[in-house]
Amino acid sequence: MSAQDLISSLPTDLWLGGAQTPSASGARFSVLNPATGEELTTVADATAADGITALDLAAAAQGEWAATPARERAEILRRAFDLLQARAADFALLMTLEMGKSLAESRGEVNYGGEFLRWFSEEAVRIGGRFTPAPAGNGRILVTKMPVGPVLAITPWNFPLAMGTRKIGPALAAGCTVIVKPAEDTPLTMLLLGQVFADAGLPSGVLSILPASDAAAVTGPLMDDPRLRKVTFTGSTGVGKLLVRNAADRLLRTSMELGGNAPFIVFDDANIDAAVDGAMLAKMRNGGEACTAANRLYVANSVREEFTAKLTARIEALVVGPGDREGTDIGPLINDKQRGTVTALVDDAVAKGARVRTGGTAPDGPGFFYTPTVLDSIPADANLLQDEIFGPVAAIIGFDTEDEAVTAANDTRYGLVAYFYTENLDRALRVSEALDTGMVGVNRGAISDAAAPFGGVKESGFGREGGSEGIEEYLETKYIALQ
Ligand code: ADP
């Protein structure tokens, strides 16, 4: 399908009650193509009243959905996976149009995002419990799992599909109803997923999707309503803290996937070519717009120049352009604000003494592009050592000893993921244990997998998505004492 045909065929109203519904106010807001800065289309702009309508529907559907046999819930998720695969080309093009990433990366995200539907369709039928005799011999202990209840899922723009499916998949599998508030920059992908779920036979009211230009205006009243039982969020640490504070009033359950500041360490005993491959993935995947992106590349001084030269050559060879143009490796950043953030971080590092090996500028012309960049000789007070870059900028810092590297890697308020390269097994285990993060990539530049628990420690948040852990976020444990 051409981009034009796809855009004109999309659902652009709210998903409420299993159907397309205009917003209560009739308002709409623009969705831009970041490669041109021009409007792609408009979507319905949800109001607080639409949020409450969605919760009315979710609360009404909750009991029946929870009582639906797990096998049936699983089959709906599996059908949604199949329908998503059947429409993979549309989803990929749509993500490229509204988010900017290359088509190859968008296709990758359809696979990755879809996996959460398949994985949790398989997990839905494995929600267990246990039965034990009470040690005192005075009864039996029965432990069972119950769906937590209606869930609010707030998602970011960097993975418009996968950040939704990894919340919707486990929530539906567990028997929860879900209201999704997608990011305002990229609401179209989630709205199209709404169509997939409607086509897969998901009962009306179980899933609502509410794009909104003012997120808090919709989510605030929902979080104040006692019928909502859980909020799951992926986004910035600042907004995550705000949501946890708001959730405290009602002791609402929360899962928080927040910012990262991933170190990527290349030890002197690493396979340098493999480390360069890994760094390309960890740094440049999604144009660097990922909470898992390598933010600080620590390279042993004895191999630093070799690694830096090889990485610079690879990064210089990247083709920057609109994501839907054949041969593009790196698309635009999401918006002008994000480009401003990246520009400010690079300019700050350079002003303090960092050396530009390549890039370091935003090209002229339309769209929110930033030239892939390598910086070395990073001064200790550069802001990019503490703040997420979220752009195609590799910052290289030398080190001498393992202790020095691990200490520097852990010197951040974040703790999502760390990567390192070594050929030494003892070191691999020792350093994995010493890194203060929820996830570690050893000789790997990409770690995400629907079958693995994704999540962070420290100010990267709490809770896990994916793996057998992912469904637990949507389950409550109930203890039944039996005579
Ligand atoms: P980013 O900085 O990457 O855009 P945000 O944390 O601002 O990340 O946004 C992630 C998601 O959180 C988006 O869906 C956004 O609309 C939503 N959001 C932002 N601010 C709030 C808020 N105050 N309350 C609820 N949701 C919010």
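These numbers come from a predicted model, not from an experiment. Just so you know, ligand 1 is whichever comes first in the structure, and atom 1 is the first atom listed for that ligand.
For residues 184-197, every residue pair satisfying the salt bridge (charged side-chain N to carboxylate O under 4.0 Å, His left out) rule, not counting sequence neighbours, is listed here: K181-E184. Residue pairs meeting the side chain to side chain donor-acceptor pair (under 3.5 Å) criterion with at least one partner in residues 278-291, sequence neighbours excluded, are K101-N286.
Checked against side-chain hydrogen bond (donor to acceptor under 3.5 Å, both in side chains), S236 has no partners two or more places apart in sequence or in another chain.
With 3.5 Å as the limit, one finds no donor-acceptor pair spanning the side chains of E98 and T186. Donor-acceptor pairing under 3.5 Å is lacking for the side chains of D50 and T53.
Centroid-to-centroid, the aromatic rings of F454 and W119 stay 6.0 Å apart or farther.
Protein residues with a heavy atom under 4.0 Å from ligand 1 are I154, T155, W157, K181, P182, A183, E184, A215, A216, T219, F233, T234, G235, S236, V239, L242, L243.
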